[in-house]
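Numbers restart at 1 for each chain; the letters A, B, ... are given by sequence-line order, proteins then strands.
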Amino acid sequence: IEAGWPASVLKRQSDWMGRSEGAFVEFEVMAHGDSLFSCPIVDGLTSLSGHGKGRVRVFTTRIDTIYGANAIVLAAEHPVIQANIDNFSEEVATKIAFIRAENAKPTDHEAEIEKDGIDTGLRAVNPFSHEEIPVWVGNYVMMEYGTGAVMSVPAHDERDFEFAKKFGLPIRQVISEPHMEHAHHTMQAMALEVPLTVYGVLVHSDYWNGKKSEDAKKEMAEYAVKHGFGEAATTYRLRDWGISRQRFWGSPIPIIYCDTCGVVPEKFENLPVRLPENAPITGTGESPLAKVPEFYETTCPKCDGPAHRETDTMDTFVDSSWYFFRYLDPTNEDMPFDIEKAAYWAPVDQYIGGDDHAVMHLIYARFWSKVMRDMGLVTFNEPVKRLLTQGMVVGETFFDDETGKRVYYPAADVTVERDAKGRLTSAVNAESRQLKHAIERMSKSKGNGVDPDEMVEIYGADAARLFVMFAAPIENELVWHEAGIEGAVRFLQRVWRLVYKWESVLNCHALQSVEKEPQNVPEGREATEAGSSPADAGSRDMKGDANPALKSGAIHPSGGIDRRLRQKTHQTIKRVSDSFESLQFNTPVAALMELSNAIGDVEFDGADEETVFAVREALMSLVLMLTPFSPHTSEELYSILVGNEDGILANSARFPEFIEEMAKADEIEIPVQINGKLRSRVMAAPETSNEELEKLAFADEKVREFTDGKEVVKVIVVPKRLVNIVVK
RNA sequence: GCCGAGGUGGCGAAAUUGGUAUACGCACUAGUCUUAGGAACUAGCGUCGAAAGACAUACGAGUUCGACUCUCGUCCUCGGCACCA
């Protein structure tokens with residue numbers, strides 16, 4: 001899917017999954033002196049060694065640094081810590097309890113948490129060096145990731161470095177940068193200013209000295225396997241997805257609990273399980289369905305004995321993970337969807353959604369498809385071929401956070417002052433209280449939302465839509481300011497007036513007979529004859545006209561207004577078509593505005609037939625190309641242009657087609673630079689040869705001013721683009 | 001802190017992918033028409049300058065005949081992640 005998905009989204013998904021490759025290594029752990037120690041055996045976290053001693057498993061991505069380990073550090077929640085809490089000194093136990101309490105608090109992402117921890121008094125043995133090192137508890141080790149235990153190598157890890165500095169633990173360098181290799185061989189433990197976290201060459205590592213990190217990682221993991229204290233491993237940061245919710249709405253989970261049979265899935269023929277019509281919303285956190293006996297009381301599908309249903313419902317992310325498949329076959333009573341229908345329609349060609357769904361929803365959807373693939377329901381790996389993440393429309397918010405909690409005030413109730421650059425300098429609420437401000441995604445509670453109904457009421461649906469498309473590239477975040485929307489209204493009104501202005505001379509009713517003819521045009525562009533201009537019905541029905549110059553494809557020889565307008569029309573068709581192809585929607589609106597400006601420049605009084613034809617083509621093209629942006633206006637204007645009320649679809653109108661010959665300019669402007677600086681411009685036909693262009697440039701008066709008496713070193717001619725003369 | 005995106009007029013933004021910087025629109029200024037205009041139309045609108053011209057795409061270097069675009073460095077803004085071993 002790399003071809004169709006933004007790299008940034010895939011990167012974020014990859015980070016979210018957080019694959020990391022390393023190794024598990026087991027350290028023998030024992031009591032120190034005559035204190036007590038018990039080692040609970042927890043699968044994956046601890047084990048028994050051959051000597052009957054307990055071992056703690058750590059996860060590391062840098063097994064090559066193991067000779068630099070000065071301690072192993074466990075999470076406060078680690079089972080070994082919990083099992084020995086009564087064996088520890090009071091000081092240690094208190095510290096552990098404190099860290100646990102701190103860990104349980106919701107994390108404040110603003111402040112960096114200071115490293116904290118304590119030596120438990122336990123000891124561990126480095127399985128490579130057989131060195132005895134202390135066992136610490138550290139607040140920076142999380143029980144949720146890896147094994148909840150790490151080896152601390154301060155010389156080569158930022159966090160361990162900080163921890164060691166704080167508690168005065170030894171810092172021993174065991175990796176040297178490749179180019180420093182020889183210098184370090186003789187070096188004693190060196191005082192590092194910062195941890196060296198890059199790969200290098202092993203030093204102070206006995207047998208492994210001189211090996212490259214990459215090789216050592218592999219070989220040391222193999223060594224651990226051979227000696228039974230570890231192995232290479234891959235871990236993920238991906239968190240579990242708990243799909244049950246205590247809500248009334250949501251898909252029921254088709255599971256039944258039977259006292260005799262245990263957890264039993266509902267029978268296939270009883271699916272889907274339907275929600276009751278009503279359920280009390282309790283507000284207590286318990287599922288509302290648990291209050292509806294008619295719903296949960298049932299019989300066991302296995303033994304027919306009394307049983308009860310699961311009363312939690314599924315997270316809405318479950319539904320959004322595969323709704324696009326259900327939409328293909330929404331009335332299917334027997335299956336989620338018909339397999340063949342899905343095979344025909346899916347995967348989704350183009351998906352459009354907010355940037356905020358880059359991880360959760362889109363990861364779940366991809367995951368779900370893979371599950372369905374494994375079940376044989378779909379035949380592909382990925383649900384979506386192309387993804388467009390559109391930026392959100394956001395708004396200014398005003399709030400007061402004196403009390404520690406943000407109290408929002410709707411923009412309508414806030415008096416703001418802005419400086420010359422439009423930056424906000426002051427915001428005051430009705431009680432003259434200074435407010436803070438921010439730009440945030442729209443929400444009711446923040447009072448920064450825009451009511452679409454209100455926008456439609458004031459400006460109309462077409463103008464509102466057009467403006468949103470025009471204001472910024474689709475993937476940009478758009479800060480909502482109403483100021484620009486008037487421009488969209490004006491533009492649509494201008495187009496409207498243009499159509500009505502030309503209506504009388506465009507001879508619309510004459511077209512009607514032709515338009516009414518059956519056109520039997522099936523879908524697909526191939527149906528359109530090459531060379532004809534469906535840009536407007538006009539080109540077709542004027543074929544029989546006395547004036548052959550109006551035949552489509554015929555280029556009027558004059559450089560008159562009609563010729564220029566037709567050029568503009570076809571250039572615009574190209575620009576708009578290309579933009580749609582690359583999912584750009586702001587620049588085509590600009591192109592359409594330019595076209596309407598060009599039509600506006602055409603003199604109405606005394607317009608000849610050629611001009612009327614050009615205007616008809618331009619207006620028809622304009623109106624049709626506007627359809628995606630302002631469908632209602634386009635429908636209305638199309639009716640005027642075509643002279644009937646059947647509408648765009650019934651008239652088999654289609655997107656105007658670009659004719660290259662029409663778009664080609666008779667003459668183009670060629671800038672002339674002297675030493676890279678623009679000095680003049682010359683006009684030339686597009687097919688003018690390089691030699692001719694050079695001649696034209698040198699013939700230019702302005703150019704001679706700059707070249708006379710100077711030595712011409714070089715002349716660069718870019719065909720159809722420019723001439724650059726280098727002089728000395 | 002790490003990762004990512006970005007920085008162009010008063011504002012939203014264009015720039016055919018290395019070839020006329022600022023298209024289109026908003027705002028603003030002047031004028032025309034009008035009983036009126038918050039309508040429409042005309043003209044102007046990067047900075048300095050009377051003009052010729054000079055200088056301008058965050059800042060500083062570089063590559064090139066030519067750089068908003070490519071390379072290196074610095075600063076700043078926004079977004080994501082957050083002690084991930």
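A:Glu144 comes within contact range of no nucleotide atom at all, as no heavy-atom separation falls under 4.0 Å. Counting any heavy atom pair closer than 4.0 Å across all strands shown, A:Arg12 reaches sugar-phosphate atoms only and no base atom. A:Val153 comes within contact range of no nucleotide atom at all, as no heavy-atom separation falls under 4.0 Å. At the heavy-atom level, A:Asp157 lies nowhere under 4.0 Å from the strands shown.
Nucleotides B:rG9 and B:rA14, compared at atom C1', are 13 Å apart to the nearest Å. Here the separation of B:rA61 from B:rA15, taken at their C1' atoms, is 25 Å to the nearest Å. Comparing the P positions of B:rC24 and B:rU42 gives an interatomic distance of 13 Å, to the nearest angstrom. For the C1' atom pair drawn from B:rC78 and B:rC70, the interatomic distance equals 25 Å after rounding to whole Å. Across the P atoms, B:rC3 and B:rA82 are found 16 Å apart, a figure rounded to whole Å. With P as the reference atom, B:rG62 and B:rU69 are 14 Å apart, rounded to whole Å. Across B:rC72 and B:rG25, the matching P atoms stand 39 Å from one another, rounded to whole Å. Nucleotides B:rC11 and B:rG46 have their C1' atoms positioned 14 Å apart, rounded to a whole Å.
Each of B:rA85, B:rG4, B:rG19 was ranked by its minimum atom distance to the side chain of A:Arg721; first place goes to B:rG19. The side chain of A:Gln493 approaches B:rA40 more closely than any other nucleotide in the set B:rC83, B:rU20, B:rA40.
Here the side chain of A:Asp462 pairs a donor or acceptor atom with the backbone of A:Thr633 at under 3.5 angstrom. Side chain of A:Asp356 to main chain of A:Met392: no donor-acceptor pair is present (N/O by atom type, distance under 3.5 Å, no hydrogens or angles). Counting only distance, with no hydrogens or angles, the side chain of A:His570 and the backbone of A:Ile659 share a donor-acceptor pair below 3.5 Å. At least one donor-acceptor pair closer than 3.5 Å links the side chain of A:Arg237 to the backbone N or O of A:Asp15. Between the side chain of A:Gln571 and the main chain of A:Ala663, a donor-acceptor pair closer than 3.5 Å is present. Checking side-chain atoms of A:Gln13 against main-chain N and O of A:Ala358 turns up a donor-acceptor pair under 3.5 Å.
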Tabulate atom names and distances for all N/O pairs under 3.5 angstrom spanning the protein and nucleotides 21-28 of chain B.
residue: B:rA23; atom: O2'; partner: A:Glu594; partner atom: OE2; Å: 2.9
residue: B:rG25; atom: OP1; partner: A:Asn597; partner atom: ND2; Å: 3.3
residue: B:rC26; atom: OP1; partner: A:Arg490; partner atom: NE; Å: 3.0
residue: B:rC26; atom: OP1; partner: A:Arg490; partner atom: NH2; Å: 2.7
residue: B:rA27; atom: OP2; partner: A:Arg490; partner atom: NH2; Å: 2.9

Filtered N/O pairs between nucleotides 50-54 of chain B and protein, under 3.5 Å:
residue: B:rA54; atom: OP1; partner: A:Arg679; partner atom: NH1; Å: 3.2
residue: B:rA54; atom: OP1; partner: A:Arg679; partner atom: NH2; Å: 3.2
residue: B:rA54; atom: OP2; partner: A:Arg679; partner atom: NH1; Å: 3.4

Can you check nucleotides 76-78 of chain B for protein contacts, nitrogen or oxygen pairs under 3.5 Å, and list what you find?
none

Contact list (N/O, under 3.5 angstrom) for nucleotides 47-49 of chain B vs protein:
none

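Relative to the six-membered ring of A:Phe24, A:Arg57 meets both conditions, a distance below 6.0 Å and an angle of at most 45° to the axis. The cationic atom of A:Lys574 (NZ for Lys, CZ for Arg) lies less than 6.0 Å from the six-membered ring centre of A:Phe658 and within 45° of the ring axis. Figure legend: A:Arg366 and A:Trp5 shown as a cation-pi pair, the cationic atom lying under 6.0 angstrom from the six-membered ring centre and within 45 degrees of its axis.
Ring geometry, A:Tyr140 versus A:Phe163: the interplanar angle falls from 30° to 60°, so the pair is classed tilted. Under the 30°/60° scheme for interplanar angles, the aromatic rings of A:His361 and A:Phe317 are found to lie parallel. A perpendicular orientation is assigned to the rings of A:Phe229 and A:Phe128, their planes being inclined by more than 60° (bins at 30° and 60°).
In this structure B:rU17 sits in the syn conformation; its chi angle is within 90° of 0. In this structure, B:rG10 shows a glycosidic angle more than 90 degrees from zero, which is the anti conformation.
The two residues A:Val73 and A:Ser152 make their nearest non-hydrogen contact at CG2-CB, 3.8 Å. When all heavy atoms of A:Phe59 and A:Gly146 are compared, the pair lying nearest together is CB-CA, 4.4 Å. Taking both residues in full, the closest heavy atoms of A:Gly68 and A:Pro154 are given as O-CD, 3.9 Å, listed atom of the first, atom of the second, then distance.
For the residue pair A:Glu482/A:Tyr459, the side-chain donor-acceptor check at 3.5 Å is satisfied.
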Got a list of side-chain donor-acceptor pairs under 3.5 Å for residues 582-607 of chain A, not counting sequence neighbours?
residue: A:Ser582; atom: OG; partner: A:Asp578; partner atom: O; Å: 3.2
residue: A:Ser582; atom: OG; partner: A:Ser579; partner atom: O; Å: 3.3
residue: A:Ser582; atom: OG; partner: A:Gln584; partner atom: OE1; Å: 3.3
residue: A:Glu594; atom: OE1; partner: A:Lys568; partner atom: NZ; Å: 2.8
residue: A:Glu594; atom: OE2; partner: A:Arg575; partner atom: NH1; Å: 3.4
residue: A:Ser596; atom: OG; partner: A:Met593; partner atom: O; Å: 3.3
residue: A:Asn597; atom: ND2; partner: A:Met593; partner atom: O; Å: 3.4

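Close to B:rG4, at under 4.0 Å from its OP1 or OP2, lies no side-chain N or O of A:Lys11. Phosphate contact (OP1/OP2 of B:rC41, side-chain N/O of A:Arg497, threshold under 4.0 Å): present.
Counting to the nearest Å, the C1' atom of B:rC65 and the CD atom of A:Glu711 are 14 Å from each other. Rounded to whole Å, the distance from CD on A:Glu158 to C1' on B:rC2 is 9 Å. Protein atom CG of A:Leu478 is 16 Å distant from nucleotide atom P of B:rC11, rounded to whole Å. In this entry the distance linking CG of A:Asn476 with P of B:rA13 reads 5 Å, nearest Å. One interatomic measurement links the two molecules: CG of A:Leu693 to P of B:rC65, which rounds to 21 Å at whole-angstrom precision. Summarising the geometry, the separation between CG on A:Asn724 and C1' on B:rU64 is reported as 11 Å, rounded to the nearest angstrom. Whole-Å rounding puts the A:Tyr145 OH to B:rA82 P distance at 13 Å. Straight-line distance from the CG atom of A:Asn675 to the C1' atom of B:rC65: 8 Å, rounded to whole Å.
The residue among A:Asp160 and A:Ala471 whose nearest nucleotide of RNA chain B is located toward the 5' end is A:Ala471. Comparing A:Val718 and A:Ala472 along RNA chain B, the residue whose closest nucleotide (by nearest heavy atom) sits nearer the 5' end is A:Ala472.
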Apply side chain to side chain contact (heavy atoms under 4.5 Å, CB included) to residues A:Phe161 and A:His156 and explain how you reach the verdict.
CA-CA 7 Å; A:Phe161 184 81; A:His156 306 293; over 6 Å; no

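Side-chain contact check for A:Trp480 versus A:Met455: some heavy-atom pair is nearer than 4.5 Å.
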Taking Watson-Crick and G-U wobble pairs with both distances under 3.5 Å, convert RNA chain B into its dot-bracket string, 5' to 3', dots for unpaired and | for cross-strand pairs.
(((((((..(((......[....))).(((((.......))))).(((....)))..(((((..]....))))))))))))....

